[in-house]
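What you see is a predicted model, and the numbers here were worked out from it, not measured in a lab. The chain is numbered in sequence order, starting from 1.
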Amino acid sequence: QVQLVESGGGLVQAGGSLRLSCAASGSIYRINAMGWYRQAPGKQRELVAGITSDATANYPDSVKGRFTVSRDNAKNTVYLQMNSLKPEDTAVYYCNGQGQTRSLRRFDSWGQGTQVTVSS
């Protein structure tokens, strides 16, 4: 009932920047936490940025200082600004959103993923 669609991935050289967007739609009453995860080939999916409904953000050390997550609650959209990209940032990036639908059921939805490739 809640769909998330990512956009903004692509190919960039090391040191470059990309901005990902993720828009949620459907029967949404409230979105609490939103986050960005990534999964590289042969590796587990990992959190790269999380943000609460009051815009409190958290990052792992691997991206801290380079990535910035933000959200527009009016648009049900979360963004990920990625600067100083490194080849090891190459992965499929997924958006996640958790909240309640209009029927007050909890949801935990994922986007389809967007590829980010950083060349050296």
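Pairs engaging residues 45-88 under the ring-ring contact (aromatic ring centres under 6.0 Å, His included) rule: none recorded [sequence neighbours left out].
Looking at M34 and S70, their side chains never come closer than 4.5 Å, going by heavy atoms from C-beta outward. Side-chain atoms of V2 and T101, non-hydrogen and from C-beta on, do get closer than 4.5 Å to each other. Between V69 and V78 the shortest side-chain heavy-atom distance falls below 4.5 Å. Residues Y93 and Q115 have side chains not in contact (no heavy-atom distance under 4.5 Å, counting atoms from C-beta outward). R38 places none of its side-chain heavy atoms less than 4.5 Å from the side chain of K43. Two residues are said to be in side-chain contact when any heavy atoms from C-beta on lie closer than 4.5 Å; V116 and T90 fail this criterion. Counting heavy atoms from C-beta outward, F107 and Q1 have side chains that stay 4.5 Å or more apart. N73 places none of its side-chain heavy atoms less than 4.5 Å from the side chain of I31.
With hydrogens and angles disregarded, a donor-acceptor distance shorter than 3.5 Å links the side chain of R71 to the backbone of T52. Judged by distance alone, the side chain of R45 and the main-chain N or O of Q39 form no donor-acceptor pair under 3.5 Å.
Contacts of S120 classified as side-chain hydrogen bond (donor to acceptor under 3.5 Å, both in side chains), with partners at least two apart in sequence or in another chain: none. The salt bridge (charged side-chain N to carboxylate O under 4.0 Å, His left out) check on K64 picks up D61, with sequence neighbours excluded. Listed by chain and number, the residues in a ring-ring contact (aromatic ring centres under 6.0 Å, His included) with Y37 are W110 (sequence neighbours excluded).
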Report, one line per pair, each donor and acceptor closer than 3.5 Å where one atom sits in a side chain of residues 9-29; sequence neighbours left out.
unit_1 : atom_1 : unit_2 : atom_2 : d
S17    : OG     : N83    : OD1    : 2.9
S27    : OG     : R102   : N      : 3.4

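Dense packing is recorded around CD of E46, with more than 12 heavy atoms of other residues, nucleotides or ligands lying under 6.0 Å away.
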Would R106 and Q100 satisfy side-chain hydrogen bond (donor to acceptor under 3.5 Å, both in side chains), going step by step from the backbone distance to the final call? CA-CA 4 Å; R106 293 185 178 183; Q100 290 179 298; over 6 Å; no
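Put simply, W36 and L4 are part of the same group of oily side chains (I, L, V, M, F, W, Y) that touch within less than 4.5 Å, one to the next. Put simply, L47 and Y94 are part of the same group of oily side chains (I, L, V, M, F, W, Y) that touch within less than 4.5 Å, one to the next.
Atom OG of residue S53 and atom CD of residue Q98 lie 11.5 Å apart, to the nearest 0.5 angstrom.
Other members of a hydrophobic cluster containing V5 are absent, since no ILVMFWY side chain comes under 4.5 Å of it, directly or through relayed contacts.
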